[in-house]
Amino acid sequence: MDKLSNNKIAFISTSIPYVNSNPHLGHAMEFVMADIITRYKRLSNTDTFFVSGTDDNALKNVQSAEKEGVPVAEFVRKHSERFKYLTSILSISNDYFIETSVDRRHMLGAQKLWKQAQKDIYKKKYKGLYCVGCEEFKIEKELIDGKCSEHPDSMPEVIEEENYFFRLSEYQKQLYDIINTDKIEIIPQSRKNETLRFIERGLEDFSISRSVERAHGWGIQVPKDDSQMQYVWFDALSNYINALGYASESDEFKKYWTNASEIIHIIGKGILRFHTIYWPAMLLSAGIRLPTKIVVHGYLTIDGTKMSKSVGNVIDPKDLVNEYGTDALRYYLARHINPFEDSDFTMWKFKEAYNANLANGIGNLTARIMKLAEMNLDKPINLKEEFSHEEVFKEFKNLFESFQINKVADLVWEYIGNLDKYIQEKKPFSIIKEDKEEGIEIIKNAINKLYLIARMLEPILPETSEKIKNAVMENKMPEPLFARK
């Protein structure tokens, strides 16, 4: 079946997580969300470059390595590999995986960005409260009982030193206009409003370096100043353009950033201001085009409680994949997790959804239809080229374009339910005994509907989609798609 032709070019990224600990279910959620959007874009014939990676240069990585008593480089590489492995077992279709401590293009690009923004960079002595968890200086009014709302388990450190600062205050009006007019569209609206309120309170210049001593010598050096290392956000945010070869003005950078139809960042709500305020200001200073969309998801809780190693409720997504399979986890994260708000994950809900909608749902339906096909058809049917013309695809497209992934999945399962009802009402297994021609037409129609569902599943459940399409093409039953648990 054909793709919907549009000849557009898109860049899509996840944020890059710290590697101070192992990946958890929240990381899997963001990887899968970005991948589903990417696969939809490609299905729509959009030439798409998808990047993910790890933020290796954070101070929290250094501190975690010291606690384990291992060299920082060794610690970072070990954990970065675990994130890379997670993208592999989740069938994430990224074109590039950037590791900021070893990627030469990133090092060169971070230093080039610094030089390009030099007019807005100055050095001064500073004393402030520093949250290691956020890798950010905090002001008193941002704290609750003296603690960071994102990291209430530890008090911010009082830091006094001479650092480089970026003149964020110079961009206050320009940033407000950019956000307010949706030149950068922030999704959902509530996060746009949050960003505008933050700007309205007044933007203050922010620190973009730290001393070599406080950085423990780890990170990317400030150009022409060997006493300072780049502050993690100035370094980390540049990964998006560096993955494309910004330092050398590569063809990929020109195609997928400078000339792209869309530039989409997928991020968590905890790093909103860095991506909607700091990052655009840095790009404006350096004369680089801005992203077009920033999609902001919420957090995952486990059984109603925030994920925490101390509580012992951190779920390793690798364990779920090993037990239930890649597409089972992708399905749950796509359909049962709100793409914009906080959502709760429980094992009993996961298992219930797996059995009801995968094993007894699409799995059982596919087996029934393909058994009928195998028993009654001599060869594969001629599939109707309907995908881009079906009324369903218009709704499918509209939901995807507004990033409502859970509603896309609901739509697909509505069609799965309708096809199941069609089989039950038409009873081809009985009719074919009385009127073979009519029975075969019902079977062929069911196969066409199943194939359309498989096409709709391509972004969400790529492995399952491929198995169904192959079964239809070969006119035979596939191996069970999902074993009941």
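- Within 6.0 Å of NZ in K293 there are more than 12 heavy atoms belonging to other residues, nucleotides or ligands.
- No side-chain N or O of S465 forms a donor-acceptor pair with one of E458 less than 3.5 Å apart.
- No side-chain donor-acceptor contact under 3.5 Å links S343 and N338.
- Under the side chain to side chain donor-acceptor pair (under 3.5 Å) criterion, E414 pairs with no residue at all, not counting sequence neighbours.
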TODO: May I have the step-by-step check of salt bridge (Lys or Arg N to Asp or Glu O under 4.0 Å) for R197 and E194, ending in yes or no?
DONE: CA-CA 5 Å; R197 287 196 301 269; E194 185 180 335; 5.2 Å; no
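- Between S13 and H265, the side chains place a donor N or O and an acceptor N or O closer than 3.5 Å (distance only, hydrogens not considered).
- Between I267 and H297, every side-chain heavy-atom pair lies at or beyond the 4.5 Å cut-off.
- By the 30° and 60° cut-offs, the orientation of the rings of F482 relative to Y354 is perpendicular.
- Looking at E185 and T292, their side chains never bring a donor and an acceptor atom within 3.5 Å of each other.
- Side-chain contact between T195 and R273 is absent, with no heavy atoms from C-beta onward closer than 4.5 Å.
- Residues D303 and T305 bring no donor and acceptor atom of their side chains to less than 3.5 Å of each other.
- Judged as a side chain to side chain contact (heavy atoms under 4.5 Å, CB included), and not counting sequence neighbours, the contacts of K119 are Y171, S285.
- Remark: the N242 side chain and the S238 side chain contain an N/O donor-acceptor pair separated by less than 3.5 Å.
- Side chains of D55 and P17 form no contact here, defined as non-hydrogen atoms less than 4.5 Å apart.
- Atoms CG and OH, on D56 and Y18 in that order, are 12.0 Å from each other to the nearest 0.5 Å.
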Open item on the list: Working note: F83 + F97, criterion ring pair (Phe, Tyr, Trp, His ring centres under 6.0 Å); need CA distance, chi angles, decisive distance, verdict.
Closed with: CA-CA 10 Å; F83 280 89; F97 191 95; 8.1 Å; no
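- Using a 4.5 Å cut-off on side-chain heavy atoms (C-beta onward), K397 and K394 make no contact.
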- [ ] List the steps and the verdict of salt bridge (Lys or Arg N to Asp or Glu O under 4.0 Å) for E81 and K84.
- [x] CA-CA 5 Å; E81 283 300 317; K84 190 183 292 186; 3.6 Å; yes
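- Evaluation of the salt bridge (charged side-chain N to carboxylate O under 4.0 Å, His left out) test over residues 235-245, restricted to residues two or more places apart or in two chains, returns none.
- Partners of D342 under the side chain to side chain donor-acceptor pair (under 3.5 Å) rule, at least two apart in sequence or in another chain, are K269.
- N57 and S101 share no donor-acceptor pair across their side chains, judged by distance under 3.5 Å alone.
- Under the ring pair (Phe, Tyr, Trp, His ring centres under 6.0 Å) rule, Y40 has a single partner from F403, F50, F400, which is F400.
- Checked by atom type, the side-chain pair D35/S93 shows a donor-acceptor distance below 3.5 Å.
- By the 30° and 60° cut-offs, the orientation of the rings of Y240 relative to H275 is tilted.
- Atom CD1 of I92 is separated from atom CD of E30 by 10.5 Å, given to the nearest 0.5 angstrom.
- Tested against F165, the residues F234, Y126, F206 include a single ring pair (Phe, Tyr, Trp, His ring centres under 6.0 Å) partner, Y126.
- In this structure the side chain of M107 never reaches within 4.5 angstrom of the side chain of Q221, judged on heavy atoms.
- Atom CG of residue D120 and atom CG of residue L284 lie 9.5 Å apart, to the nearest 0.5 angstrom.
- A donor-acceptor pair under 3.5 Å is formed between the side chain of N239 and the backbone N or O of A236.
- Under the 4.5 Å side-chain criterion, counting only non-hydrogen atoms from C-beta, E323 is not in contact with D319.
- Distance CD1/I184 to CD1/I178: 5.5 Å, rounded to 0.5 Å.
- Between I16 and S52, the closest side-chain pair of non-hydrogen atoms is not below 4.5 Å.
- Within 6.0 Å of the NZ atom in K78, the count of heavy atoms belonging to other residues, nucleotides or ligands exceeds 12.
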Task: Steps toward side chain to side chain contact (heavy atoms under 4.5 Å, CB included) verdict (R201, F198) - done: CA-CA 5 Å; R201 291 200 297 266; F198 186 84; 3.1 Å; yes
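- Outside the 6.0 Å centre-distance limit, the rings of H336 and F345 are not counted as a close aromatic pair.
- For W218 and F75, the gap between ring centers reaches or exceeds 6.0 Å.
- Here the CG atom belonging to N94 is positioned 8.0 Å from the OG1 atom belonging to T14, to the nearest 0.5 angstrom.
- Stacking of R330 on the aromatic ring of F31 is not recorded, the 6.0 Å distance cut-off and the 45° axial limit not both being met.
- Two residues are said to be in side-chain contact when any heavy atoms from C-beta on lie closer than 4.5 Å; K192 and I187 fail this criterion.
- For Y231 and N163, the side-chain atoms include no donor-acceptor pair closer than 3.5 Å.
- The side chain to side chain donor-acceptor pair (under 3.5 Å) check on D205 picks up Y122, S169, with sequence neighbours excluded.
- With T464 as the partner, the side chain to side chain donor-acceptor pair (under 3.5 Å) test is satisfied by one option alone out of T366, D327, T326: D327.
- Put simply, the side chain of N406 never gets that close to the backbone of A334: no donor and acceptor are under 3.5 Å apart.
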Less than 3.5 Å apart, which donor and acceptor atoms pair up between the side chains of residues 247-255 and the rest of the protein, not counting sequence neighbours?
| from | atom 1 | to | atom 2 | distance (Å) |
| --- | --- | --- | --- | --- |
| S248 | OG | G245 | O | 3.4 |
| E249 | OE2 | K112 | NZ | 3.1 |
| S250 | OG | L244 | O | 2.4 |
| S250 | OG | E252 | N | 3.4 |
| S250 | OG | F253 | N | 3.1 |
| K255 | NZ | D47 | OD2 | 2.6 |

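- To the nearest 0.5 Å, the span separating CG on N355 from CG on L358 amounts to 8.5 Å.
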Open item on the list: Could you walk me through whether Y331 and W413 satisfy the ring pair (Phe, Tyr, Trp, His ring centres under 6.0 Å) test, starting with their C-alpha distance in whole Å, then the side-chain angles of each, then the deciding distance to 0.1 Å, before giving a yes or no?
Closed with: CA-CA 11 Å; Y331 162 77; W413 257 263; 4.7 Å; yes
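- With ring centers used as reference points, F350 lies under 6.0 Å from Y324.
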